[in-house]
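To keep things clear, I will list the structure first and then write my remarks on it.
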Protein chains: 2
Amino acid sequence: MGRVTIQDVAREVGVSAMTVSRVLNGQPGVSERRRSQVRAAIDELGYRRNGLARSLKASRSHTLGLVVPDITNPYFPEIVRGAEDVALEAGYGVFLSNAVEDQQREATSLRLMEERRVDGVIVVSPRLPERQLHALLRGHRAAVVVNRSAPPEVAGAVRLDHVSGVMQAIDHLVALGRRRFGLLAGPDSSFAARERLEGIRAGLAARGMPLAPDRLVKTAPYIDDGADAAARLFEMAGRLDALLCYNDLVAAGALQACASAGLRVPQDVAVVGFDDIAFARMFTPPLTTLHVPKYDLGVNAMRILLDRIAGRNVHAEVVLRPTLVVRGSTVAAAAPVTIRTAS
Amino acid sequence: MGRVTIQDVAREVGVSAMTVSRVLNGQPGVSERRRSQVRAAIDELGYRRNGLARSLKASRSHTLGLVVPDITNPYFPEIVRGAEDVALEAGYGVFLSNAVEDQQREATSLRLMEERRVDGVIVVSPRLPERQLHALLRGHRAAVVVNRSAPPEVAGAVRLDHVSGVMQAIDHLVALGRRRFGLLAGPDSSFAARERLEGIRAGLAARGMPLAPDRLVKTAPYIDDGADAAARLFEMAGRLDALLCYNDLVAAGALQACASAGLRVPQDVAVVGFDDIAFARMFTPPLTTLHVPKYDLGVNAMRILLDRIAGRNVHAEVVLRPTLVVRGSTVAAAAPVTIRTAS
DNA sequence: CTGTTAGCGCATTCAA
DNA sequence: TTGAATGCGCTAACAG
């Protein structure tokens, strides 16, 4: 439309478009006098370069895609922030897309980003089945998945050691004398949910307390669903003295359900979450949970992505460790303490 | 690069690029036989159209920009979601950018988006000074600001009636017999913070209790800063029986500070927040706060933006009303109640 | 029904 | 030190 182009600037100064282009890109081969003339014209006309044209020409958009399942889940914004900080520093813009826990929308986002010719994508906690996800990722110049693993030729991966995480939780609860475990597991579409579930199953079995089927309820990763699920679990399982929750949102719901059921936390039942979202310490009681280095997850993912874009396919996979943070939902009146395990 | 182009598809089928283009865009003038041949070739070659080229040609990118000050502040993701839902439905992609409460980064985002040739931008709670913001917005084909007003020729606006909001809070507290008000105000860079501060000043004065300077502390909009600010306020102001907080994060900090100072909430001091983030009801005690229709803010902003892009510059400005939600931080042991004011 | 021409705005290549 | 030609991939506008 009426937008100022490089041509307009060139005409204004009385040079060719090439000269303007060279000035814009700080290339040599232009006299200082011309350079400042051109700069003046650029300011005066309010010229702003057309990224579409540049990208088309260069087949590089300097734009990255970032897909998260739910931006209103406080777990994800911190990951986004880590990734963005690295990207911006490297001169990339980030296209964030919110899949709203919907596989369709996740797929659409990935396709749209391919059409927009992003230079690479990061998919956080993908909900799509493996086959479909990989097909979509193959369309991209470079890709990284967070909270899932992937074949190195398809995507880099940044994951959590869920098994180590849940074992910390289990051992903490066992040390407190808890024996009757209940589990609020996440949705099957979540890789993390499946890993945590299996980790807990294995961990409890290893401690001689295999998980009975009536001690397990699956739930969507939201507060209210967590509350409903907890209520159902109490009904099914009878008296429990420890509750492992898929994530902190579910744990928040569980705390509400405990209050409604007249159960004291932690005296009657100890509750453990996963993620350590910023608000976990504001819960009543403050939530014992597995701290996940969310920002680092994002930072690592973006570093790997940039490496892959640059053709350096090192770091096929990075695994980060969650760390148990003990608060009032497992230990009454405890001053907050962080238990560090040797890494 | 090795990417499949429309030409490749055309060659494969043995037709011209135009025919492929017509099929891609569902245009008439292609026989059914050709159409299916082309479709087959598209699938087979894994062709994906190049949005950069399309946008360049059309000078329309079908991409929108959305700038928020801090994606980790739970106030914003819901706005984003409202805006995204509307945009996606209209076939637009959204470029989300996180300014991290930094004016520089806000400006950079806006400039970057202009270079990427988004069709329009929404800036939520802009931190930039008016003059600079407007200059940046003028570069865009269409713009909408949320939580600030703007001249209609520069941008549409979706705002909150902060004055009505704070008056509801003040009257609620006065009705409870509170008289010694303290105020944790937000940063001056925030338009909302300034409006809320002025509204509270005026409202308290109107109730015969003008705000003394030692009853006011300004703070950054984070939990920890809120806690520090509250501690400082208690020191400065001595005994208070009501605390008005810039937003729910600050209120969360204030609740912590009250606990540390041995003040009972609400018996000793009543605390009111602003925003009604999802976690406000999980605080201890649950937070009385002004509910802001965040999702609607986003929906309205995006609708207006799409209107403006389409050249329909109706709705210069939409003003939404916050609604007081009374919880345990002002009324002990109250069942949650929503007070609706006539709209 | 199908194809050719041309140009969106920019930058690489080559020439002057 | 500067400029002209050319094409990135796509699609209006116009032939045929």
Side-chain angles (χ1 to χ4, degrees), chain A residues 1-39 41-42 45-63 112-119 139 141, chain B residues 1-39 41-42 45-63 112-119 139 141:
Chain A
M1 313 297 306
R3 273 208 156 283
V4 182
T5 77
I6 216 174
Q7 301 287 352
D8 299 324
V9 178
R11 202 172 309 123
E12 175 82 7
V13 184
V15 295
S16 79
M18 252 332 284
T19 301
V20 179
S21 172
R22 281 196 258 260
V23 173
L24 281 168
N25 296 299
Q27 287 176 9
V30 182
S31 69
E32 257 324 309
R33 226 173 61 81
R34 280 251 176 285
R35 228 174 256 282
S36 42
Q37 286 177 312
V38 169
R39 287 221 187 78
I42 285 172
L45 298 178
Y47 169 79
R48 188 118 329 146
R49 56 188 174 181
N50 187 327
L52 297 174
R54 300 187 75 207
S55 301
L56 179 61
K57 182 81 177 96
S59 30
R60 256 2 207 58
S61 63
H62 276 272
T63 300
L112 260 175
M113 285 175 172
E114 193 183 336
E115 293 194 355
R116 300 263 197 295
R117 291 299 189 267
V118 296
D119 293 338
R141 188 198 247 76
Chain B
M1 313 293 307
R3 270 210 160 283
V4 183
T5 77
I6 215 173
Q7 301 286 352
D8 299 324
V9 178
R11 201 172 310 123
E12 175 81 7
V13 185
V15 295
S16 79
M18 245 341 271
T19 300
V20 179
S21 172
R22 281 195 259 260
V23 172
L24 281 168
N25 296 299
Q27 289 176 8
V30 182
S31 70
E32 259 322 311
R33 228 174 62 80
R34 281 248 175 286
R35 228 174 256 282
S36 42
Q37 287 179 313
V38 169
R39 288 221 185 81
I42 286 173
L45 298 178
Y47 169 78
R48 188 119 328 147
R49 56 189 174 183
N50 186 327
L52 298 174
R54 300 188 76 208
S55 301
L56 179 60
K57 183 81 175 86
S59 36
R60 250 16 199 53
S61 63
H62 276 271
T63 300
L112 260 176
M113 286 176 173
E114 193 183 337
E115 295 193 355
R116 300 262 197 294
R117 292 297 188 268
V118 296
D119 293 338
R141 187 197 247 77

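Each chain gets a letter, A, B and so on, in the order its sequence line appears, and its residues count up from 1.
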Which atoms form the tightest heavy-atom contact between [X] and [Y], and what is the distance?
X: B:R117; Y: A:R48; value: NH2-O, 3.0 Å
X: A:V9; Y: A:A41; value: CG1-CB, 4.0 Å
X: B:L52; Y: A:L56; value: CD1-N, 4.1 Å

Whole-Å distance separating the [atom1] atom of [X] from the [atom2] atom of [N]:
X: A:E32; N: D:dT2; atom1: CD; atom2: P; answer: 11 Å
X: A:R48; N: C:dC10; atom1: CZ; atom2: C1'; answer: 17 Å
X: A:I42; N: C:dC10; atom1: CD1; atom2: C1'; answer: 13 Å
X: A:M18; N: C:dC10; atom1: CE; atom2: P; answer: 12 Å
X: A:L52; N: D:dG7; atom1: CG; atom2: C1'; answer: 17 Å
X: A:N25; N: C:dT12; atom1: CG; atom2: C1'; answer: 11 Å
X: A:H62; N: D:dC8; atom1: NE2; atom2: P; answer: 20 Å
X: B:R54; N: C:dG7; atom1: CZ; atom2: P; answer: 21 Å

Answer yes or no: does a side-chain N or O of B:Q7 lie under 4.0 Å from OP1 or OP2 of D:dC8? no
Are B:R49 and D:dC10 close enough that a side-chain N or O sits under 4.0 Å from OP1 or OP2? no
For the side chain of [X], counting heavy atoms from C-beta on, which of [options] is nearest?
X: B:S31; options: D:dT1, C:dG3, C:dC1; result: C:dC1
X: B:L56; options: C:dA11, C:dG9, D:dA12; result: C:dG9
X: A:T19; options: D:dA13, D:dC10, D:dG3; result: D:dG3
X: B:N50; options: C:dT2, D:dA4, D:dG9; result: D:dG9
X: A:K57; options: C:dC10, D:dG9, C:dT4; result: C:dC10
X: B:V15; options: C:dA11, C:dG3, D:dT11; result: C:dG3
X: B:I6; options: D:dT11, C:dG3, C:dA11; result: D:dT11

Could you check whether any side-chain N or O of A:S55 sits under 3.5 Å from a backbone N or O of A:A53, counting only pairs where one atom can act as donor and the other as acceptor? no
Quick one: label B:R22 by what it contacts on the DNA or RNA (base, sugar-phosphate, nothing), any heavy atom closer than 4.0 Å. base
Which of these, A:L24, A:V20, A:V38, sits in a side chain to side chain contact (heavy atoms under 4.5 Å, CB included) with A:Y47? A:L24
Toward the 5' end of DNA chain D, which comes first, A:P28 or B:T5, by nearest nucleotide? A:P28
Given salt bridge (charged side-chain N to carboxylate O under 4.0 Å, His left out), test A:E114 with B:R49 step by step and report yes or no. CA-CA 9 Å; A:E114 193 183 336; B:R49 56 189 174 183; over 6 Å; no
Pair of N/O donor and acceptor under 3.5 Å linking D:dG9 base with A:R117 side chain: no
DNA chain C: 5'-proximal contact among B:R35 and B:A53 (nearest heavy atom): B:R35
